Amino acid sequence: MGYDFNAIEEKWLRRWKEGKAFEPKIGGKKFLLTVPWPYCNGALHIGHGRTYTVGDIVSRYRRMAGFNVLYPMGFHISGTPILAFSKKIEHGDPATVNLYRSYLELYGDDPSRVSEFSVPSNIASYFSEKIINDFTNMGFSIDWTRKFTSGEPIYNKFIGWQFRILQEKGLIKRGDYPILYSAEEGNPVGEDDILEGDTDKVSITQFTGVFFYAGDDILLASTVRPETLDGVTNIFINPDAEYCRIRMDGKNFIVSKRAFEKLKYQRDAEFVSDVSVKDFLHRSVKEPLNSREIPILPGKFVDPAIGTGVDYSVPAHSIWDHVGLMEIGERPEYIRVIEIDGQPMDMEAIRKKFGISGLGDREKLVDATKYVYEQEYYHGRLVRGKYSGSVVKDVKDEIVESLVRSGIAIPVYETSRKAETREGNPVIVAVIKNQWFIDYSIEEWKEKVRGLLERMDLRPENLKNQFVQTVEWIKERPCARKRGLGTRLPMDEDWVIESLSDSTIYTVVYTIIPFLRKMIFEEIDDDVFNQIFFGKGDVSRKSETTRNAIEEARREFLFWYPVDLRHTSYPHISNHLTFYLFNHVAIFPPEEWPVGISTGGMVISEGQKMSKSKGNVYPLLTIKRKYGADLFRMYLASNADVWYDVDWRTSEVENYSKKLEKFFSLLDEARGVQGMPEDRDLWIVSRMAERIEKSSRNYEMMKIREATVDLFFNALNDIRDLESFAGRERTLRAVKMFGVQWALSLSPVIPFLAEEIFSMYGGKGFASLQPYPSIENIYKEHEKEWEFIESVIDDFRGITKVSNIKPKRMTVGIAEEWKWNLLEESKRKDIREMIKEADQEKRDFLIALIKKKDLKQSVRDEEGVLNKYRDDLKNYLGIEVVISRDPNFTRKSLPGRPSLRLD
RNA sequence: GCGGGGGUUGCCGAGCCAGGUUAAAGGUACCAGACUUAAGAUCUGGUUCCGUAGGGAUUCGGGGGUUCAAAUCCCCUCCCCCGCACCA
């Protein structure tokens with residue numbers, strides 16, 4: 001018979017709410033725990049539940065460990081996705097409309113309401129409400145009185161304040177910045193906007209456009225290998241493509257027409273005239289380094305849509321160029337620029353090695369090119385020019401910079417692959433002029449963050465390395481975009497602060513939001529925030545209401561902040577979490593800087609990444625209805641350590657359900673049983689005492705899996721063993737002794753069941769608010785005795801298994817006195833010394849002692865223990881136990897490991 | 001490439017940092033037995049190989065080394081996953 005988890009969960013949800021169980025007031029030892037706020041553009045699935053569940057288990061444990069815990073939550077609505085979805089719904093995009101209809105259906109709402117979602121704020125408000133509901137149902141001990149969204153006016157004021165501070169401190173700057181862009185749509189495009197952008201990522205590649213002079217014109221040849229410029233032998237242009245003359249920076253450039261269409265989004269470029277390929281072919285141009293005259297040759301392999309459509313040829317280091325020349329029957333003198341271990345790579349040999357017969361072997365050419373590039377990039381040394389002697393990868397960036405500085409090259413950006421938007425338009429690279437950045441590259445700033453990392457509590461331990469690495473690598477980050485929801489950039493209202501940049505110190509708002517809301521909105525300005533956070537804004541002219549609220553807010557901020565633990569999943573390390581550290585360090589004094597960060601794994605489902613097409617995405621709501629929150633939490637907690645991915649397998653989930661039922665009915669039944677437990681069953685109390693104590697440490701170190709497996713699965717196995725040995729009745733009497741403590745120890749993981757059991761056992765108040773339990777371990781000896789009996793049973797089984805007999809009697813040969821004496825001695829002395837002095841017999845024994853360390857834990861009075869369990873052994877194994885001390889028989893006996901004879 | 005994490009017994013997954021209690025937790029799957037009209041559920045035992053006495057042999061991606069002793073420490077090598085930015 002199962003238990004009605006739905007009824008139990010509903011009951012305790014109601015009582016927690018009525019009792020305001022998780023709405024802490026200031027006072028005592030505080031613990032502020034945050035998990036990044038969810039982005040509310042759709043229904044939550046099991047993957048979303050993970051980090052919040054871990055956060056909740058931690059907060060619940062901390063609460064029981066005596067901390068005043070605040071676990072707050074808000075909602076993120078900044079950025080483009082919500083906007084994009086509402087736009088699609090407005091336009092009636094069938095896939096999106098269906099998706100949102102299905103969400104509405106899932107939550108039992110009228111699917112026709114989908115049209116409301118054409119207003120972005122409706123998406124945000126609808127789903128934030130559902131998330132509150134879902135999270136509450138999962139038993140998360142969140143203080144919802146402190147919720148807010150990244151889109152509301154009070155928050156906009158706060159972010160405005162933050163950015164003005166960043167600006168004052170000189171951490172914000174402007175500059176040109178390349179981004180992926182759709183010319184047709186007039187928008188930057190993100191991963192989500194690109195066709196197959198999530199599976200096949202598109203990035204920005206920087207080419208170098210090198211100037212080759214042809215009279216008044218400059219052929220702009222683009223390359224990703226400017227280090228080979230010294231080896232140029234000719235220019236390739238595609239004889240079948242269209243080229244044109246354009247004007248940039250007061251000069252005339254020749255590029256393909258396709259290139260111009262993109263280039264004009266990267267810099268000021270004006271069309272001058274079409275040009276004919278024939279006018280250029282076989283003319284010569286001057287290369288910019290040494291003014292050598294080189295010819296322009298036809299290269300059909302040159303793609304006018306990539307780069308500038310003009311290619312400079314370095315046949316000594318490019319397989320394309322080598323084969324290209326071969327095909328048109330040209331064989332200029334190759335100029336070697338790079339050597340590996342003193343040897344240049346031989347393009348002809350590589351051509352043969354890859355089996356390339358001509359330009360038609362595109363794939364092989366691509367492979368060969370990759371091979372050549374990699375070899376020369378990582379292992380090649382330059383042998384000409386001013387960088388002669390350097391390894392390519394060490395000086396490549398410098399080379400590009402120096403070419404640009406000398407005015408003979410410009411950067412040209414290209415996408416890493418050909419890509420189009422979901423609407424079917426080409427994706428190009430555009431350069432945004434005067435893009436706003438937060439300049440994370442400032443060395444003093446980085447240094448402060450490194451200092452912070454030194455003192456932080458980071459889990460898992462390797463997290464520190466990852467952060468140090470990220471801090472090393474981080475540079476300017478664009479912090480605003482021209483579209484999306486969010487806060488307008490205070491210094492330039494055309495821009496909206498980008499969604500990761502507006503969520504770096506928001507955790508502080510949790511501490512003050514209820515008091516901000518008490519203020520008169522119009523009065524909230526920078527002075528208010530300065531007063532709350534630094535105690536130094538002039539607020540004397542505010543209304544009394546506002547001034548009182550400011551005082552309260554300051555008190556709460558000082559009490560709750562900093563964040564003691566921020567927990568999230570590992571993909572946040574190199575972005576959000578790092579910004580989080582940087583911004584705290586920039587804005588707040590050191591005592592308000594983050595104390596701890598932990599990162600966790602993701603959720604995969606049925607052994608695979610979740611995806612709609614695989615049908616393995618399960619909404620949180622469905623899970624709760626079908627299995628209950630406790631089961632979900634138990635599964636997440638025990639399936640994998642926090643830092644690893646959890647695999648949700650429906651078939652295993654079912655088994656958890658049975659285990660929880662067993663747990664519940666066991667404790668339920670034990671409650672009603674009469675009489676005291678047998679003395680010889682009390683070992684199980686000792687085990688439980690140890691488990692509870694050990695798990696406390698594990699919870700604290702966030703080894704949640706270990707705590708759960710031990711407290712739940714291993715404990716249930718003990719009980720199973722006891723039951724099969726001693727029967728149900730005796731087991732229940734023993735279990736009754738620790739039922740309450742057991743349930744309480746599991747309360748962080750399965751809070752609903754814990755509440756129910758706690759109250760069934762007559763507990764007053766909430767289990768969730770009880771101190772973490774402990775059991776005085778007064779039955780340690782019983783445990784050792786039981787371990788002895790267990791090992792005898794184990795040996796008995798071993799023998800019967802191989803000998804195939806059904807014994808009636810078991811003769812137990814207990815080890816001789818001298819062995820026990822040596823064992824005692826070995827605890828005090830160096831066993832190696834003892835071995836040297838011992839005779840053959842003693843030596844064998846001592847070596848056995850080293851091998852079996854646990855023998856040192858043996859119970860001394862084995863005969864007494866066997867007598868104590870004599871009747872149980874007869875019942876359980878169907879044998880009579882006879883003790884023997886016959887020296888012929890006990891020769892092989894060890895303390896804790898008696899000889900056995902069955903007959 | 002850089003950085004991080006992995007490769008364990010049918011599968012999932014502990015153990016490895018602090019070498020011996022480890023043929024290696026736990027779960028799952030499978031086999032046998034009990035219960036049952038039967039199935040399911042539940043319970044019991046088993047699941048590397050050999051062995052009619054608790055033993056032995058081999059095993060933790062591959063190779064080598066340190067050690068009385070290595071899944072655990074060191075070196076080399078192969079393979080897999082994740083992050084690398086404007087995207088929440």
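Predicted model, so just to flag it, every value in this text is computed and none were measured. Lettering follows sequence order; numbering is per chain, from 1.
- Applying the 4.0 Å criterion to OP1 and OP2 of B:A53, one finds that A:T800 has every side-chain N and O outside that range.
- One can place CG of A:N575 at 7 Å from C1' of B:A85, the figure rounded to the nearest angstrom.
- By the 6.0 Å and 45° rule, A:R174 does not stack over the aromatic ring of A:F437.
- Note on ring orientation: taking the six-membered ring where Trp is involved, the planes of A:H48 and A:H45 are tilted (angle from 30° to 60°).
- With distances taken from any side-chain atom of A:P81 to the nucleotides B:A88, B:A41, B:G54, the minimum falls on B:A88.
- Rounded to whole Å, the C1' atom of B:C73 lies 15 Å from the corresponding atom of B:G15.
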Take A:R477 and A:E498, measure what side chain to side chain contact (heavy atoms under 4.5 Å, CB included) needs, and give me the verdict at the end.
CA-CA 10 Å; A:R477 176 183 169 95; A:E498 169 275 331; 2.7 Å; yes
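- Base pairing of B:G3 is made with B:C82, judged by Watson-Crick or G-U wobble geometry with both donor-acceptor distances under 3.5 Å.
- For the P atoms, the distance linking B:G4 with B:U9 amounts to 27 Å, nearest Å.
- Place A:D641 and A:D721 on RNA chain B by their nearest nucleotides, and A:D641 ends up nearer the 5' end.
- Per the geometry, CD belonging to A:E723 stands 8 Å off P belonging to B:U44, to the nearest Å.
- Atom name C1', nucleotides B:A23 and B:A57: the rounded distance is 11 Å, in whole Å.
- The side chain of A:K662 approaches B:U42 more closely than any other nucleotide in the set B:C84, B:G54, B:U42.
- Using a 4.0 Å heavy-atom cutoff across all strands shown, A:P460 reaches no nucleic acid atom at all.
- Using a 4.0 Å cut-off between charged side-chain N and carboxylate O, A:K446 and A:E472 make no salt bridge.
- On the P atoms, B:C79 is 43 Å away from B:A41, given to the nearest whole Å.
- Using atom P as the reference point in both B:U59 and B:U72, the two lie 13 Å apart (nearest Å).
- Rounded to the nearest Å, the gap between the C1' atom of B:C12 and that of B:G6 is 15 Å.
- Remark on RNA chain B: of its neighbouring residues A:R797 and A:H76, the 5'-side contact belongs to A:R797, judged by nearest-heavy-atom nucleotide.
- At the heavy-atom level, A:K658 lies under 4.0 Å from the strands shown only through sugar-phosphate atoms.
- In this structure, B:U28 forms a base pair with B:G10, meeting either the Watson-Crick or the G-U wobble geometry with both donor-acceptor distances under 3.5 Å.
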Anything under 3.5 Å between a protein N or O and an N or O of nucleotides 1-6 of chain B, put it in a table, one pair a line.
residue	atom	partner	partner atom	Å
B:G1	O4'	A:Y378	OH	2.6
B:G4	O2'	A:Q466	NE2	2.9
B:G5	OP1	A:N462	ND2	3.4

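- One finds a salt bridge joining A:D710 and A:R691 here, because a Lys/Arg side-chain nitrogen approaches an Asp/Glu carboxylate oxygen to under 4.0 Å.
- Base pairing of B:A57: its partner is B:U48, meeting the Watson-Crick or G-U wobble criterion (both donor-acceptor distances under 3.5 Å).
- Between the side chains of A:D439 and A:S441, a donor-acceptor pair is found at a separation under 3.5 Å.
- Note: CG (A:L485) to C1' (B:C87) measures 15 Å, nearest angstrom.
- Rounding to whole angstrom units, CD of residue A:E661 and P of B:C43 are separated by 12 Å.
- Taking the C1' atom of each, B:G65 and B:G27 are spaced 37 Å apart, rounded to whole Å.
- Using a 4.0 Å cut-off between charged nitrogen and carboxylate oxygen, A:K694 and A:E706 do not count as a salt-bridge pair.
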Heavy-atom contacts, protein to nucleotides 25-30 of chain B, under 4.0 Å, summarised as B (base), S (sugar-phosphate only) or - (none) per nt, yield BSSS--
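- Aromatic ring pairs are classed by plane angle as parallel below 30°, tilted from 30° to 60° and perpendicular above 60°; the pair A:Y440 and A:F579 is parallel.
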Show every donor-acceptor pair shorter than 3.5 Å between a side-chain atom in residues 428-436 of chain A and any protein atom, with sequence neighbours excluded, or say none if there are none.
residue	atom	partner	partner atom	Å
A:Q435	NE2	A:A480	O	2.9
A:W436	NE1	A:D492	OD2	3.4

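- Summarising the geometry, the separation between CD1 on A:I474 and P on B:G83 is reported as 17 Å, rounded to the nearest angstrom.
- Across all strands shown, A:P571 has no heavy atoms under 4.0 Å from either base or sugar-phosphate atoms.
- Put simply, CG on A:L577 is 14 Å from C1' on B:A85, counting in whole angstrom units.
- Looking at heavy-atom distances under 4.0 Å, A:S899 makes contact with a base.
- Minimum atom distance to the side chain of A:R649 is reached by B:C12, of the listed B:C87, B:A53, B:C12.
- When the P atom is compared between B:U48 and B:U36, the two are found 32 Å apart, to the nearest whole Å.
- Residue A:K87 holds its NZ atom at 13.0 Å from OG1 of A:T96, rounded to the nearest 0.5 Å.
- Note on A:S499: a side-chain N or O is less than 4.0 Å away from OP1 or OP2 of B:A88.
- Among the protein residues, A:W643 comes within range of no part of the nucleic acid, since none of its heavy atoms lies under 4.0 Å from any strand.
- The aromatic rings of A:W37 and A:H76 lie parallel to each other, with less than 30° between the two planes, well short of the 60° mark.
- Closest contact between the side chain of A:D795 and the listed nucleotides B:G54, B:A85, B:A88 involves B:G54.
- In this structure, the separation between OG on A:S390 and CD1 on A:I338 is 11.5 Å, given to the nearest 0.5 Å.
- Between A:E723 and A:R730, none of the side-chain N atoms (NZ, or NE/NH1/NH2) sits under 4.0 Å from a carboxylate O, so this pair counts as no salt bridge.
- In the set B:C82, B:G83, B:A88, the nucleotide with an atom closest to the side chain of A:Y570 is B:C82.
- If you take CG of A:D710 and P of B:A14, they are 16 Å apart, rounded to a whole angstrom.
- Residue contacts for A:L500: at a heavy-atom cut-off of 4.0 Å it reaches a base atom on one of the strands shown.
- Taking atom CZ of A:R897 as the reference point, atom C1' of B:A53 lies 11 Å away to the nearest angstrom.
- Residue A:L463 is out of contact with every strand shown, counting any heavy-atom pair closer than 4.0 Å.
- Remark: B:A34 base-pairs with B:U42; criterion is Watson-Crick or G-U wobble with both hydrogen-bond distances under 3.5 Å.
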